[in-house]
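For ligands, and for the atoms within them, numbers begin at 1 and follow the listed sequence. Start at 1 with the first residue, then count along the sequence.
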Amino acid sequence: MSLSVQEFRQQFSDKLMTTFGKKVEKATPFEAFQTVGLILRELLNRKWQDTKGTYRSNSQKQVYYFSMEFLLGRLMITNLLNSGLLETCKQGLEELGFNLEEVLGQEQDPGLGNGDLGRLAACFLDSLASLELPGHGCGIRYKYGLFQQKIVDGNQVELPDYWLKNEYVWETKRLDQTVEVHFGGEIETVEESGRLTFKHHHYEKVLAVPYDIPVSGYQNHTVNTLRLWSAESTTNDFHFYSIDRKDYYHYLDYKRSVEQISEFLYPDDSSYEGRLLRLKQQYFLVSAGLQCILREFKNSYPSVDLLPEKIAIQINDTHPSLVIPELMRLLLDQEQLSWEKAWELTTRTVAYTNHTTMSEALETWPVDMVKTLLPRIYMIIHEINERFCRHLWLAHPTLRDEIKHMAIISYGQIHMAHLAIVGSYSVNGVAKLHTDILKNSVMKPFYTVFPEKFNNKTNGITHRRWLLMANPPLASLITEAIGETWVREPKQLITLLKYAGDAAFQEKIAGVKQANKTALAKYIQERTGIRVDDRSIFDVHIKRLHGYKRQLLNVFHILHLYEMIRDNPNMDMVPRTFIFGAKAAPGYHFAKKVIKLITTTAAKIAADPIVREKIRVVFLENYNVSLAEQIIPATDVSEQISTASKEASGTGNMKFMLNGAITIGTLDGANVEIREMVGPDNIFTFGLTAEDVLAYQLSRMYRSRDVYNGDQRIRRVMDQLVNGSLSNDDVEFKDIYYTLLSNNDEYFVLKDFDSYVEAQDLLEQAYRQPTEWLKKSITNIAHSGKFSSDRTISEYASEIWDIHPVTISSTTQSR
Ligand code: NBG
């Protein structure tokens with residue numbers, strides 16, 4: 001699609017007038033944003049129609065990615081770039097008196113996800129569309145996204161994120177596609193002409209209304225769909241005007257209970273509160289999504305037998321694993337298939353991605369809860385479990401002792417990961433190490449029974465958002481050096497290797513990094529009032545706050561440096577700015593204390609005229625996708641220091657590498673593969689290996705107190721937590737202290753401290769050699785092509801989904 005600047009300006013003024021009744025001179029930046037959004041929507045709508053038409057007519061297989069989270073980030077920039085209109089729009093807006101940056105900044109960043117898992121889903125949608133693959137997202141339109149974080153007196157305070165307060169320009173409500181979802185009630189089993197049928201009575205009826213968001217591909221004609229479901233009440237069953245008005249009040253109660261379902265995203269990615277509501281959300285998503293898929297499917301195909309040939313359903317972690325019993329329900333009760341046939345179709349359609357091995361994050365639901373909320377679904381899960389356990393007993397006699405650990409229902413709980421493995425044809429981990437841990441330890445008996453199901457798909461990120469959009473100067477530099485094919489084929493970045501040692505190129509890379517750092521320093525000053533030295537090392541730790549991600553280890557290193565500088569004010573060191581961004585789950589006390597420790601350390605250093613010359617600590621509040629886009633291009637050092645074996649993959653590590661930062665990290669998740677790619681000289685690894693950690697966990701031989709007693713540096717750091725030097729309130733950090741000593745330091749912070757400090761020393765020495773450092777930086781960029789989600793999605797497409805690119809034929813005049 002091409003549009004001249006002149007045409008753009010004309011469309012802009014017309015649209016502004018018809019939408020807001022305003023002339024250009026009077027428009028606010030927000031109105032300008034909406035107006036550009038509407039122009040783009042029209043262009044996208046045509047392609048969207050074409051895409052749907054082509055998919056319908058060519059009958060190719062499509063994939064649906066079910067996820068409770070999609071962390072999209074802002075979409076205007078993506079849509080501009082994808083439709084090739086970025087420059088036109090920039091110039092047009094300027095001529096009309098607007099600034100592109102300011103207009104783009106008006107967009108809400110929809111926080112419909114917690115962290116990596118939700119962001120991964122968004123990267124996948126981008127890659128699907130950019131690779132012309134027929135694949136769609138299916139999620140929930142939460143009215144409130146992940147909370148907004150404020151730091152008050154050094155503590156995290158959570159505020160609601162009402163991201164829909166302004167109309168969301170990208171969504172379209174599709175009332176005609178509404179479906180009903182039923183909760184509660186009872187099941188009556190009746191025999192009808194020799195077949196058992198199941199009648200559902202007295203259930204609560206919830207309307208699921210879809211809102212569709214177009215997902216455009218990079219400079220192609222594909223526009224796939226992200227369908228987000230919203231829960232609404234129905235008025236049909238109530239007689240508001242009855243004499244005693246009873247129904248009216250019942251209706252109000254009912255309406256509240258229904259609307260709650262899509263009200264909030266759960267702000268926790270490892271354990272869940274408000275469980276009943278969470279379970280309702282999960283069923284709401286899968287039931288609405290599946291009914292809609294099946295309805296469309298039946299309009300196109302003569303028999304549901306073709307389902308696995310035409311549709312793949314990928315479930316993002318176990319959160320949507322009720323897809324399995326729900327698909328069974330639809331095939332059994334609605335389509336009247338036999339159990340065997342329904343099971344065959346289901347297990348050939350559903351594939352499952354596991355994202356964690358941490359036991360507290362492996363979901364279970366109490367039997368009673370599921371029985372009451374989803375009576376028919378419970379019956380089906382029960383039957384799946386019976387059949388599976390019988391199969392184990394008969395076909396795997398050696399595993400008979402394991403059955404109680406493998407059962408889907410045991411000890412009054414339903415184990416969703418077990419259900420997901422048994423009911424799907426593919427089970428994948430998200431990095432090599434993670435998949436190996438699944439196979440050899442956490443899910444070992446399942447691997448013995450279903451070896452063919454297990455496979456690895458190392459995560460990836462869209463290099464278009466994380467380089468092309470987030471860091472345009474670096475992107476141009478790369479294009480200048482190697483041409484622009486890397487944008488479509490990120491593997492081509494490897495050709496940058498020949499410039500790794502090239503002085504002129506290095507100088508340009510250094511210039512871009514420096515300019516990004518200066519910009520970030522300015523941003524930090526505007527946001528926090530803190531002035532940081534933009535010539536210092538920018539050392540960044542941004543991700544959710546969690547014990548296993550070990551922000552605490554980073555703080556301990558900082559407190560250690562603090563002591564060293566106090567001991568020797570003339571200590572020769574490269575000044576460093578430690579930048580943190582992290583949200584803690586509201587109920588996660590320890591994580592919130594770590595935030596308080598970071599902010600307290602920051603304040604203490606800022607108040608110390610000697611120490612602050614060398615180190616600075618900044619905590620940037622409300623970390624989200626847009627903030628990440630600001631920080632990552634300006635980063636020198638990427639902190640990826642989780643306890644080995646705990647971080648399934650990580651994707652932040654990949655974004656930093658792509659932007660030329662050097663990783664300091666443990667041999668965990670995808671760090672292992674990053675190291676494999678760049679070689680040990682271009683990454684700083686340290687600490688226990690996953691094997692060590694697992695061995696310690698089995699042998700219980702780790703004693704954190706011994707480490708504490710044996711290392712004077714650790715004692716000094718730890719003592720600061722409780723001796724009043726950080727806080728007048730001497731209980732403030734006691735919990736951290738005791739977690740490490742009395743509770744034996746579950747995440748091996750003390751154990752890894754020594755090797756972390758050593759790795760940090762080596763890193764600093766390397767930084768002192770600019771030529772060598774820049775070479776490392778360029779080497780990292782060059783190898784980052786492997787971590788593009790285009791590669792990941794191509795693997796899913798060919799190895800799990802069996803879907804193929806479709807060229808969209810244009811039926812409109814948009815080309
Ligand atoms: C997270 C892992 C990350 C991984 C993302 C995406 C959950 C349950 N898991 O390491 O902790 O990068 O999933 O795969 O959110």
With nothing but distance in play, are any N or O atoms of Lys549 less than 3.5 Å from an N or O of ligand 1?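 Between Lys549 and ligand 1 (N or O atoms, distance only) the closest approach is not under 3.5 Å.
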Return yes or no for this condition: an N or O of Ser649 is under 3.5 Å from an N or O of ligand 1.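 Yes, since at least one N or O of Ser649 sits under 3.5 Å from an N or O of ligand 1.
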Nearest 0.5 Å please: distance from the CD1 atom of Ile77 over to the CE atom of Met469.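 Those atoms lie 6.5 Å apart.
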Residue [X] vicinity, atoms of ligand 1 by number, heavy atom under 4.0 Å:
X: Asp317; value: 8 (C)
X: Gly650; value: 3 (C), 4 (C), 10 (O), 12 (O)
X: Tyr548; value: 11 (O)
X: Glu647; value: 2 (C), 3 (C), 10 (O), 11 (O)
X: Val430; value: 14 (O)

Taking the six-membered ring for Trp, are [X] and [Y] ring centroids under 6.0 Å apart?
X: Tyr702; Y: Phe748; result: yes
X: Tyr588; Y: His546; result: yes
X: Phe619; Y: Phe580; result: no
X: His541; Y: Phe578; result: no

May I ask you to establish whether Arg275 and Trp365 are in a cation-pi arrangement, using a distance under 6.0 Å from NZ or CZ to the six-membered ring centre and at most 45° from the ring axis?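 Positive - Arg275 is close enough to the ring of Trp365 and near enough to its axis.
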Are Lys453 and Phe450 in a cation-pi contact, defined as NZ or CZ under 6.0 Å from the six-membered ring centre and within 45° of the axis?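 Ring-cation test returns yes.
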Record the part of Asn114 in heavy-atom contact with ligand 1 below 4.0 Å; permitted values are side chain, backbone, both and neither.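 Looking at Asn114 and ligand 1, no heavy atom falls under 4.0 Å.
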Identity of the nearest option to atom 1 (C) of ligand 1, non-hydrogen atoms only, from His355, Glu69, Arg119: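 Minimum heavy-atom distance to atom 1 (C) of ligand 1 goes to His355.
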